[in-house]
Amino acid sequence: MRKIKAILRGTILAVLAAAGTAAMAFPASAEETMGAVYGVHSYGKGWAETVEDNVYESAANGSYVTAITASLKNQPAGMTGTISYQVNVSGFGWQEWKENFTPAGTTDTDRPLEAVRMQLTGQLEENYDLYYSVFQSGSWTELVKNGETAGTEAQGLRVDGLRVAVMPKNGGLPAEGKHKGRQIDPSRPMVALTFDDGPSGQTARILDCLESNGAVATFFMVGNRMGKYPETIKRMVALGCEPASHTWDHSYISKLSSSALLNNLNQVDAALQEIAGVKTIIMRPPGGFINDASKQTLAQKGVPAILWSIDTLDWKTRNAQNTINTVLGSVRDGDIVLMHDLYEASADAALVLIPELIHRGYQLVTVSEMAALRGGAQPGVSYHSFRP
Ligand code: NI
């Protein structure tokens, strides 16, 4: 049925186009309301599924947008025009206008988008307004329309999401958009649980618990352990957890030369890319040791150093109750909790802490999610927490 309709519409379109039809009324049933269809490409993660009109489409967990595509659904038969879009790529500036799902931006560099412009063309432009907004520095920018700029230029701020909505001409702002997937409420308290030194045989138990509670965590993995647990890592990524770097071999980075540190971190990324098709965008220095020289190298690599605000000392006590008490006794909004997924007692503690923290009103988020909502994390800078 749908197919026949499409063929009919195509025929009408061809006939009207041949007759040189001028602008006219184009009634459409509710289910055929015209809307934008669009998608984002996330650095290190690839293209997300496209979404339809007025959905907040965010970059993949822990990543950012490097390219977008867009087109229209239910375009009224015979009405000329399309949706056209251009992007400002960090360091490259404004790119050519694109249309019909042709990617705008890059998919083979790590360059974030900084701003987006979109517009309708042809008769569509006379009959509709196109509204859009980007997610930048932890919030959605005010809606702009019809070719205006969403986002900032040359301020080094990256685009982390896109929302597009078509409205009848002069019909005012679109209704509140729909959210896709797991959502974080920026106004509610949040905590990032982090697990170092794995993966190990204990990691899967922690993932089970995160999954059943709809929660995520960050895993600062030692690169040379990853090859033994590829399925665990794939699942970690699939669940929306953040795979992060703890160096290839648990080296103290302040003792490495700049080139040795870069090689070390690149080795982790290459292995992770091989296993799960993703890269790390944050790292944690083993032992927490970091100096100015290593910070400079991290800046060059483009990653921030993530430390912690709650040290459970789980590796030392190997006592689940002690770890639980340490966390619950001091947890606050914006904390980064340090644990280790090498030990059975640590996994035991996680199985209690995950539901209990949620019960106490905390959203369990990844470090990069929390950073994005709390002012961002700059490469080469170290962070202990992300307080509101
Ligand atoms: Ni460690």
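In listed order, ligands and their atoms are each counted from 1.
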Can you list the residues that meet the ring-ring contact (aromatic ring centres under 6.0 Å, His included) rule with Phe386, with sequence neighbours excluded? Tyr383

Quick check for you: within a radius under 2.8 Å, how many protein N, O or S atoms neighbour the Ni ion (ligand 1)? 3

For atom CH2 of Trp97, decide whether the heavy atoms of other residues, nucleotides or ligands shown that lie under 6.0 angstrom number more than 12. yes

Within 6.0 Å of CZ in Arg387, more than 12 heavy atoms from elsewhere: yes

Once salt bridge (charged side-chain N to carboxylate O under 4.0 Å, His left out) is applied, do any residues pair with Glu211, and if so which ones, sequence neighbours excluded? Arg235

Closest non-hydrogen atoms of Asp335 and Ser330, given as atom of the first, atom of the second and distance, are OD2-O, 3.8 Å

Hits for side chain to side chain donor-acceptor pair (under 3.5 Å) against Lys169, two or more places apart or cross-chain, chain-then-number order -> Asp129

